[in-house]
Amino acid sequence: MSQFWLVKSEPDECGIDDFVAKRNGVIRWDGVRNYQARNFMREMQVGDEVYLYHSSCADIGIAGTLRVARTAYPDPLQFDPESTYFDPKADPEQPRWTSVDLAFVSKAQSVLSLAKLKQMPALQDSHLVKRARLSVMPLSAAEWAAIAQALSH
DNA sequence: GCCAACGTTGGC
DNA sequence: GCCAACGTTGGC
């Protein structure tokens, strides 16, 4: 069964416009270095729908929709000493960190702001509102639908 | 740039 | 296994 997710990124690093530019391709979602977020990524299935959330920027909120194009595989950056995401404790035999591939679905006409998300009754119990600083999180079908409706306005 | 939340590390 | 120190996230 298809599931719903939300991923956060700073748009300077990887935002919805990077996915627009790769409209017919995929982007590797890498650099996640939090175990809870990683574990959620490992549950993702091809075809799952994903909201992209822009954090730490002028226009904070949900900026578009993506789709899982490839399930979990080892994040190559953990083995790359040149990368800021290099993890000296990562073992190629037993990789610690996970990537998935994500593909563009749509860009929001305007960003659905965090202020509006916080006001939505359907999101009061969501990870997004309740738990700070989690960069990959599941959404319930009801949470997904409420956001979809707000985005369509 | 500040700072609260919170995850990780390491000494004991 | 506890917990203080420290680092990171991310809104403001």
Side-chain angles (χ1 to χ4, degrees), chain A residues 3-22 26-44 48-68 71-140 142-144 146-151 153:
Chain A
Q3 296 190 89
F4 303 107
W5 307 96
L6 182 146
V7 299
K8 295 181 182 173
S9 178
E10 299 184 17
D12 285 351
E13 187 150 347
C14 182
I16 194 67
D17 288 333
D18 295 293
F19 282 95
V20 171
K22 281 239 183 188
V26 301
I27 291 179
R28 186 180 69 223
W29 203 254
D30 53 28
V32 172
R33 295 293 180 266
N34 169 280
Y35 289 107
Q36 191 178 10
R38 181 203 69 182
N39 292 342
F40 285 136
M41 287 171 78
R42 291 180 174 179
E43 296 177 23
M44 289 182 176
D48 282 1
E49 293 183 284
V50 183
Y51 285 133
L52 177 62
Y53 175 96
H54 285 177
S55 64
S56 300
C57 60
D59 210 2
I60 295 167
I62 291 174
T65 306
L66 310 173
R67 191 177 297 279
V68 176
T71 54
Y73 59 98
D75 180 347
L77 299 184
Q78 69 192 306
F79 306 123
D80 177 2
E82 302 297 308
S83 170
T84 53
Y85 296 111
F86 177 64
D87 183 346
K89 294 179 185 165
D91 174 2
E93 299 296 312
Q94 206 84 52
R96 272 195 181 195
W97 303 113
T98 292
S99 286
V100 295
D101 287 350
L102 300 177
F104 177 76
V105 173
S106 62
K107 177 176 175 174
Q109 292 194 335
S110 61
V111 170
L112 179 57
S113 71
L114 178 59
K116 285 191 178 151
L117 291 164
K118 282 180 172 171
Q119 287 171 11
M120 291 168 56
L123 298 184
Q124 292 313 300
D125 292 329
S126 68
H127 290 294
L128 184 62
V129 170
K130 286 181 71 178
R131 199 177 308 175
R133 293 162 188 85
L134 180 60
S135 63
V136 177
M137 67 188 75
L139 297 175
S140 70
E143 289 164 355
W144 179 274
I147 293 169
Q149 174 152 16
L151 279 170
H153 286 170

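Residue numbering restarts at 1 for every chain, and letters A, B, ... go by the order of the sequence lines. Since the structure is predicted, the reported quantities are computational estimates derived from the model, not experimental observations.
Residues satisfying the ring-ring contact (aromatic ring centres under 6.0 Å, His included) test with A/Trp97, not counting sequence neighbours, are A/Tyr35. For A/Trp144, the side-chain hydrogen bond (donor to acceptor under 3.5 Å, both in side chains) test picks out no residue, with sequence neighbours left out. The ring-ring contact (aromatic ring centres under 6.0 Å, His included) check on A/Tyr53 picks up nothing, with sequence neighbours excluded. Partners of A/Ala146 according to the side-chain contact (heavy atoms from CB on, under 4.5 Å) rule, which considers only residues two or more places apart in sequence or in another chain, are A/Met120, A/Ala122. Not a single salt bridge (Lys or Arg N to Asp or Glu O under 4.0 Å) links A/Arg38 to another residue, sequence neighbours left out. A/Arg28 pairs by the salt bridge (Lys or Arg N to Asp or Glu O under 4.0 Å) definition with A/Asp30, not counting sequence neighbours.
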So which protein nitrogen or oxygen atoms get under 3.5 Å of nucleotides 2-4 of chain C's nitrogens or oxygens?
none

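Sequence neighbours left out, the pairs with a member in residues 86-107 of chain A that pass salt bridge (Lys or Arg N to Asp or Glu O under 4.0 Å) are A/Asp17-A/Lys107, A/Asp87-A/Arg96.
Rounded to whole Å, the distance from CG on A/Leu128 to P on B/dA5 is 17 Å.
When each of A/Leu52, A/Leu117, A/Val111 is tested with A/Ile62 by the rule side-chain contact (heavy atoms from CB on, under 4.5 Å), just one qualifies, namely A/Leu117.
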I'd like to compare against my own output: the B/S/- annotation of nucleotides 6-12 of chain C with a strict under-4.0 Å heavy-atom distance to protein.
---BBSS
